[in-house]
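Below is one structure, written out as structure tokens; comments come after it.
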Amino acid sequence: MISLKNISKDFHGNRVLSDISFDLQNGNSVSVIGPSGCGKSTLLYIIAGLAKPSGGSVLINEREVKEAGYKTSFILQDYGLLPWKTVFRNVSLGLKIKKFSDNEVKGRVEKILKEMQIYPLKDRFPSNLSGGEKQRVAIARALATEPEILLMDEPFSSLDTLTREKLQNTVAGIQRGSRLSVLLVTHSIEEAVFLGDRIIVMSKSPGRIVDIISNERPGDETFRDSEYYFSQCRRVRGIIESL
Amino acid sequence: MVISIAIAASLVLWKAASLIMGSPVLPAPEKVLPVFVSEIWNPVFQGHFFISLFRVCVSIAAAWILAFPAGAVIGYNRSLDRIFSPLIFMTYPVPKMVLLPVIILLFGLGDLPKIILITLILFFQILVSVRDGVRNTDPKYYDSIFSMGGSRKDVLFHGVIPAALPHSFTAIRISIGTAISVLFFAESFATEKGMGFLIIDAWGRGDYVMIFVGITGMSLMGFFLYLIFALLERRICPWNFTDPAHIIKRPE
């Protein structure tokens, strides 16, 4: 479980995040949505251990996060794939860093590449992949280390609608079959509603939580056709428009 | 194919220049090339060629070994960059060739002063290219490694070094012309070995064909070194040579 307790962040004397507190239970998901510059990405960097909060703390399973990569995998905006590594080496990097044996790395990476249907691309470099393929590689890389928490920073923003929905279904499917917690930052209301068990709406800078909406989502693609989904999208839109 | 066309074009230009000048100082390629081919088998010419090749190769290797790690570390570490950048800024524009007499006085007349001079010039070119390349690398790649629990050592080996490698190859390829020019200068006095000496000696004797045999030898040396480093770059940095064009036709 992740607990955020009164997180604040200042950059050069300017407050960008203020008093952010919420919990994320194991196996659940939270979508964070808000206007540009409200500190959504900064919040993910703090949870990932890549940035230190100016105040407050992040606890994962009651332990304060002090270093990056503790129980978390982070999919950065624009995927963060290393251009100089092939798909196989990108996906294996986290395991290598965590000192897994070569045989275990090979076994795990091949398994996840097959699950994500990108095994035939294993010897390609990122520059030779389409946007959807890059995102599949980024998801495979994040899941290869079997994290408890998956952090995603606007993961599908640069994809076309059909590819985006396909990958949203993939993430929802992965989460449904596991105890993986997902924390997603997005600009897209539809994405936030489709993937979040709760939707956290943030205000303009300094980012504060203005509302937390519970979302009864089935976690499969039929959800997109339901009246409840549309009403939830309208509700989130209304809150954002009122900011 | 492209190389053949380039060689043919160079020969045509050479021939045209020779005809236009109409002077024995610029002999035609058909006079120079047969002598060059026969000199290839001459142990004296081979001695000059290989000592020059040795000097330039050792200099490139030494410059890379010294400049690559320094440039990568300075480019990555902002604190070190703040300390060393002003020093690089001050010393980079200084023409190092003027140091040749001092280097000869300090290190004698052998291979060492020539190697030191070429290394010194290449060092700064590689250092600046690698440092700028690393500085301009998107920090998201380093964040990506840190986010997996990577240490600074992991970032260095999986991020900084691979990001810097193509820049070092570019610097070496650009510097090869400079290295050969400095080699000629360093070999043009106080020595009796090397292609630079061969050209200067032929100049003194008024043997214009031999001057051009030397020029051809040095040009081919530069050409093949360039080719070797271009092939090495393809081998070591294959991600820089991928063709993304085919993904347009591939469905998701």
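Because only heavy atoms are used, hydrogens play no part in the values below, and waters and symmetry mates are left out as well, while side chains stay in. Sequence lines set the chain letters: A, B, ... in the order given, protein chains first and strands last, and positions in each chain run from 1. Small disclaimer: the values here were computed from a predicted structure and weren't measured.
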query = In Å and rounded to the nearest 0.5 Å, what is the CG to OH distance from A/Leu81 to B/Tyr141?
reply = 8.5 Å
inquiry  = Between A/Gly80, A/Ala142, A/Pro83, who has the most heavy-atom pairs with chain B when the cutoff is under 4.5 Å?
reply    = A/Pro83
request  = Examine the side chains of B/His158 and A/Lys96 and answer whether a donor and an acceptor come within less than 3.5 Å of each other.
outcome  = no
ask   = Taking atom NZ of B/Lys140 as the centre, does the number of heavy atoms from other residues, nucleotides or ligands within less than 6.0 Å exceed 12?
value = yes
task = Please state whether the side chain, the backbone, both or neither of A/Leu50 comes within less than 4.5 Å of a heavy atom of chain B.
result = side chain
Residue A/Leu76 versus chain B: region with a heavy atom under 4.5 Å = side chain
key: OG on B/Ser151 to CD1 on A/Ile97, rounded to 0.5 Å   = 7.5 Å
More than 12 heavy atoms of other groups within 6.0 Å of B/Phe185 CZ = yes
inquiry  = Just so I understand: if I count every heavy-atom pair under 4.5 Å between each of A/Glu67, A/Arg89, A/Lys85 and chain B, which residue has the most?
reply    = A/Lys85
query = Does any heavy atom of chain B fall under 4.5 Å from the side chain of A/Tyr45, the backbone, both, or neither of them?
reply = side chain
inquiry  = So for A/Arg141, is it side chain, backbone, both, or neither that comes closer than 4.5 Å to the heavy atoms of chain B?
reply    = side chain
request  = Just give me the residue among A/Ser73, A/Pro147, A/Ala68, A/Gly94 that pairs up with chain B most often, heavy atom to heavy atom, under 4.5 Å.
outcome  = A/Ala68
request  = Side-chain contact test, heavy atoms from C-beta onward, threshold under 4.5 Å: evaluate it for A/Leu93 versus B/Asp154 and give yes or no.
outcome  = no
request  = Verify the neighbour count for atom CZ of B/Arg152: are there more than 12 heavy atoms of other residues, nucleotides or ligands below 6.0 Å?
outcome  = no
message = Run B/Ile145 and A/Leu82 through side chain to side chain contact (heavy atoms under 4.5 Å, CB included) and show every step you take.
response = CA-CA 9 Å; B/Ile145 299 168; A/Leu82 304 178; 4.0 Å; yes
Proximal component of A/Leu162, with respect to chain B [non-hydrogen, under 4.5 Å] = neither
message = Any side-chain to backbone donor/acceptor pair from A/Trp84 onto B/Pro238? Under 3.5 Å, distance only.
response = no
ask   = Tell me, side chain or backbone of B/Leu165 under 4.5 Å from chain A's heavy atoms, or both, or neither?
value = neither
remark   = Ranking B/Cys237, B/Ala163, B/Pro166 by heavy-atom pairs under 4.5 Å to chain A gives rank one to B/Ala163
inquiry  = Looking at A/Lys98 and B/Met148, would you say the former's side chain and the latter's main chain have a donor-acceptor pair under 3.5 Å?
reply    = yes
query = Taking atom CD of A/Glu104 as the centre, does the number of heavy atoms from other residues, nucleotides or ligands within less than 6.0 Å exceed 12?
reply = yes
query = Atom CZ in A/Phe74, atom OG in B/Ser144: separation rounded to 0.5 Å?
reply = 9.5 Å
ask   = By a 4.5 Å heavy-atom criterion (distance strictly below it), what part of B/Asp143 contacts chain A: side chain, backbone, both, or neither?
value = both
